[in-house]
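As structure tokens, the structure follows; a few thoughts come after it.
Excluded from the calculations below are hydrogen atoms, water molecules and symmetry mates; all remaining heavy atoms, backbone and side chain alike, are included. Within every chain, numbering begins at 1; the chains are lettered A, B, ... in the order of the sequence lines, protein sequences first and strands thereafter.
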Amino acid sequence: MDFQALYAHLQAQGAAGLGGCDEPRAKDPEDKQDKGRAGDPFVLVAVEQLPAFLQLCRDDEALGFEVLIDLSAVDPAAEDEDLWLVIQLLSLRHRHRLMIKSMVPKATPCAPTVAPVYRAAQWHERECAEMFGITFEGHSDPRHILLPEDWVGYPLRKDYVFPKEYRGVSCE
Amino acid sequence: MNNGNIFLDLLVRFAPEGTPSWLLDLSAAGVGVGILVAMVSVIAMFCVWMERKVAGHIQCRYGPMYVGGWHGWAQSIADGVKLLLKEDMIPIGADRPLFVLAPALVLGSIFAALAALPLAPGVFFADIDLGLFFILAMSSMTTIGVVMAGWASASKWTVYGAMREAAQVVAYEIPLGISLMVPLIVAGTFNLNEASALQSGWYGMHWYIFQNPFVLPAFALFFISALAETKRAPFDLPEAESELVAGFMTEYSGIRWSFFFMEEYAAMFLMSVVAAVFFLGGFESPFTSLARDVFGEQHFLASLTAGLVLLVKAFGGIFLMMWLRWTLPRVRIDQVMTMGYKYLTPLALLCVLGASIFEALWLGVA
Amino acid sequence: MLDVKTQDLEVNMGPQHPATHGVMRVLVRTDGELVTGAQPHLGYLHRAAEKIGENVEWLQYLPYTDRYDYLAAMNNNLGYSLAVEALMDIEIPRRAQMIRVICAELNRIASHLVAYGTYGLDIGAFTPFLYAFREREWILMLFEKICGARLTYSYIRIGGVFNDAPPGWLDEIGHFCDVFEDKWREYVDLLMMNKIFVERTAKVGVISKEMALDFGLTGPMLRGSGVDFDLRRDCPYMIYDEIWQAGAYEIPVGTGEQGVLGDSWDRFYVRVQEMLESLKIVRWCLANIEEGPTIGELPKTLKVPAGEAYVGIENPRGELGHYVVSDGGKVAVRCRVRGPSFVNLAVLEDLLPNTLLADTVAIIGSTDIVVGETDR
């Protein structure tokens with residue numbers, strides 16, 4: 001299925017939390033500010049509904065997304081109010097992909113864990129949590145994974161300030 | 001040579017009149033030990049060089065090529081000097097006395113075992129009636145040293161290595177001993193000199209493996225058990241470098257580590273000589289019998305030929321062990337145990353039974 | 001009876017241990033030789049590649065891609081280039097695509113040779129390692145001729161490849177292909193079909209199909225479990241679809257012929273077979289390559305249109321995904337790297353308990369991780 005068909009199917013199934021989609025478009029020649037949008041389309045999903053949405057994606061025969069390929073976040077800009085939680089799904093049966101985006105407000109960076117649906121998400125969520133400071137509620141193993149346990153700050157946030165020293169070792 | 005020690009004979013011949021006999025005995029022992037240590041060290045060093053050359057050529061490379069000029073012959077000497085000069089390190093948590101004692105015990109027991117080996121017909125350090133028994137007992141002693149080293153190092157990896165060594169040696173002593181019983185049944189003696197001498201005849205091809213059809217399978221069993229006993233691949237579990245870092249010798253360095261290394265090669269030599277004596281004709285070969293015919297039974301050159309033949313056979317065995325090491329992967333501990341207890345031991349017992357029946361029928365003993 | 005108190009032994013396998021293939025640590029809980037629990041600890045090689053991606057220009061980031069899976073740098077270059085190209089409107093010349101495929105597949109062979117050799121080492125066979133490195137050396141020499149580097153190539157660029165192949169280079173690859181095919185049989189006989197090797201790896205570390213999907217495994221780990229899926233065929237990028245249509249290669253899948261489907265042997269089998277398939281792809285490219293330019297039209301300062309794209313390619317270890325977000329500037333907003341080793345490693349937590357210590361090594365080896373990629 002291509003993206004339009006996937007989106008139509010998701011709508012027909014009444015997928016939980018489905019909040020629209022975004023597709024690449026050409027630059028508007030009239031509007032000087034408009035940059036257009038290149039790349040891949042994605043669907044927007046309300047963050048609280050993610051587990052239910054992914055459950056549908058996995059179990060629906062026509063969607064058939066067996067594999068969660070990637071889960072990560074994006075901090076679009078320091079002044080932005082939301083982080084994006086981005087999930088890539090892949091269906092081996094139907095050979096199609098789906099990009100899912102959820103907005104996680106920086107004020108309350110919380111998301112439900114999707115590891116019960118896709119076990120693959122567990123380590124991705126750990127990485128995401130330490131890099132962006134998103135709390136995954138219900139996560140079974142909320143330790144740091146790449147950073148030391150005592151690391152302060154969330155390095156992949158745009159407002160992250162590089163530390164001057166770590167455990168007495170100067171970083172300058 | 002009546003008192004069974006050539007050094008004592010020589011000393012008695014050249015010592016001034018009236019020297020007390022205990023001094024003679026002591027001096028003879030000292031000379032013997034000195035020669036033994038020197039000989040074993042040279043053999044071990046040669047084996048190290050040989051191993052590196054064999055490994056190199058198996059792996060499409062040359063191995064050592066520079067030190068000493070010709071094919072890196074002095075590499076082992078250079079390594080030995082380097083190891084001697086290295087800092088002597090003992091981990092803080094280690095049990096110091098045991099840590100220091102372990103390599104000495106390992107090397108000492110293997111030297112003791114080697115003392116029972118014949119060098120040429122009638123030339124030996126110690127002519128022991130229960131020679132084979134003594135060798136097996138002494139070579140088992142090394143296990144105690146290894147376990148000691150593993151425990152004293154106060155490291156988890158070394159404990160694993162030590163436990164594996166203990167389990168493995170216990171499992172393989174049994175088939176090793178039983179498979180050696182087969183040629184013993186044919187030979188009827190534990191003495192290595194006599195066992196070798198009994199194989200003369202048939203133009204030097206009257207070897208035990210040809211005397212009784214059950215000796216050949218027993219030889220295969222013995223060889224496999226000997227590999228496990230000497231911790232050689234595919235049974236190198238106690239040091240399993242990809243699993244246990246370096247097993248029981250992880251914490252050792254410098255000259256103490258080289259003791260373990262020397263022990264490994266000395267043990268290989270020991271097992272190869274035992275195999276040669278009890279299965280592959282010992283000193284006997286067509287060359288030996290030819291040399292005897294040409295030079296006469298007691299001639300120096302006949303003895304030299306016999307000694308060389310044994311050496312060649314021993315190094316043939318060592319080469320086979322090296323060949324296997326650089327070809328085969330390592331087996332797992334449960335597979336080692338299964339193989340030892342479930343297959344080798346019953347097969348060895350079968351060989352003993354078969355050899356006994358064959359021997360009884362052949363010799364007409366009833 | 002003596003009252004002996006026993007307890008489990010906790011051993012740190014790593015960070016410096018020969019079996020962890022780099023600086024990774026597995027905290028192993030053992031009862032004698034039996035492993036009762038295992039906990040991988042990563043991060044010793046974390047170099048903040050994703051953060052660097054947000055601070056350097058698009059083209060400047062390319063050398064950093066070399067460094068996550070340093071055994072397959074060409075594939076990393078390719079993955080990143082494709083992701084950036086997905087945002088740009090750019091035509092990749094056909095010759096550049098051919099050379100990209102040749103380099104990526106040769107690099108796959110080189111990477112699988114390391115996997116082959118080091119897995120032999122893990123199991124205790126030393127010699128296959130040197131045989132594998134003999135051929136790998138040849139591939140590295142070929143790469144050196146085309147781009148001057150042996151490990152970190154930065155050769156496949158956004159828009160094409162850095163330069164054209166030097167004269168005679170393609171013929172040399174043809175020669176390599178002929179020789180390699182003979183050597184490949186040696187590998188199979190020497191290690192893969194060795195009785196002890198089979199005993200050590202068959203029925204060890206079995207990953208069922210369901211488990212593989214749940215953990216998101218990709219690449220040989222997935223195919224070893226009997227799932228017939230390869231991004232080159234099923235989500236084709238560049239000219240792989242054309243090569244597949246031409247029938248030039250097949251996708252090897254684990255069969256469970258030596259033990260259980262999805263065991264360590266199957267994963268190893270898939271890797272070894274893939275070397276031969278990669279060779280076929282290289283041969284097809286050599287037969288069909290034409291003269292032409294090797295890099296597309298690029299502006300002096302590379303500005304990538306605003307948008308976001310995810311591109312996953314078949315790396316030797318699985319799906320290497322690049323998720324790039326651009327706001328139209330010279331620098332990426334986000335440069336997410338989905339390393340296959342990172343995902344494949346997660347399976348250890350479930351796979352290691354109730355195996356023997358030696359199996360632990362065999363299982364870690366069969367996941368064929370590159371720590372540079374797990375930690376990035």
Side-chain angles (χ1 to χ4, degrees), chain B residues 51-52 54-63 150-151 154-168 171 224 227-228 231-247 250 322-339 343, chain C residues 8-14 16-21 28-30 32-35 117-135 137 183 186 189-204 268 355-365:
Chain B
E51 172 109 58
R52 297 175 70 167
V54 169
H57 284 273
I58 285 177
Q59 295 167 349
C60 313
R61 54 194 180 87
Y62 290 116
W151 181 255
S155 155
K156 289 165 182 173
W157 299 115
T158 60
V159 173
Y160 275 121
M163 290 303 127
R164 282 183 174 188
E165 163 85 3
Q168 182 174 321
I224 296 170
L227 282 177
K231 309 185 280 288
R232 291 293 293 185
F235 301 105
D236 55 346
L237 285 99
E239 37 182 301
E241 76 284 340
S242 60
E243 295 155 27
L244 305 183
V245 192
T250 306
M322 290 174 180
W323 186 5
L324 287 176
R325 169 164 179 187
W326 298 109
T327 309
L328 293 180
R330 186 186 308 116
V331 290
R332 204 167 53 205
I333 186 77
D334 62 319
Q335 292 163 348
V336 170
M337 292 297 134
T338 315
M339 197 168 163
Y343 300 107
Chain C
D8 285 359
L9 191 63
E10 271 201 344
V11 208
N12 260 322
M13 202 177 243
Q16 293 183 13
H17 186 279
T20 55
H21 295 219
V28 181
R29 180 186 289 276
T30 59
E33 287 272 339
L34 191 74
V35 174
T118 52
Y119 199 43
L121 278 186
D122 285 341
I123 303 296
F126 198 85
T127 301
F129 177 74
L130 282 130
Y131 285 12
F133 265 57
R134 181 184 58 194
E135 268 71 64
E137 187 64 28
K183 300 292 182 191
E186 229 171 60
D189 294 340
L190 187 65
L191 191 62
M192 193 168 91
M193 289 302 174
N194 183 300
K195 178 73 179 153
I196 297 178
F197 180 81
V198 171
E199 287 288 320
R200 280 293 308 277
T201 54
K203 298 180 191 153
V204 168
F268 184 77
T355 57
L356 292 174
L357 197 61
D359 288 341
T360 303
V361 173
I363 293 169
I364 295 175

Is it the side chain or the backbone of [X] that comes within 4.5 Å of chain B heavy atoms, both, or neither?
X	value
C:R200	both
C:L356	side chain
C:V204	side chain
C:F197	both

Engaged part of B:Q59 at the chain C interface, taking heavy atoms whose separation is under 4.5 Å: both
Which atoms of B:I58 approach chain C - backbone, side chain, both or neither, heavy atom under 4.5 Å: both
Counting heavy-atom pairs under 4.5 Å with chain B, which one of [options] comes out on top?
options	answer
C:Q16, C:H17, C:E10, C:M13	C:H17
C:L357, C:I196, C:L121, C:D359	C:I196
C:T360, C:L190, C:L9	C:L9
C:A125, C:G365, C:P128	C:A125

Can you check whether [Y]'s main-chain N or O pairs, donor with acceptor, with [X]'s side chain at less than 3.5 Å?
X	Y	answer
C:Y131	C:G117	no
B:Q168	B:K231	no
C:T127	B:W326	yes

For B:R61, salt bridge (Lys or Arg N to Asp or Glu O under 4.0 Å) partners two or more places apart: none
B:M163 and C:E33: CA distance, side-chain angles, deciding distance, side chain to side chain contact (heavy atoms under 4.5 Å, CB included) verdict: CA-CA 10 Å; B:M163 290 303 127; C:E33 287 272 339; over 6 Å; no
Between B:Y160 and C:T30: side-chain donor-acceptor atoms closer than 3.5 Å: yes
Under-4.0 Å salt bridge between B:R332 and C:E199: no
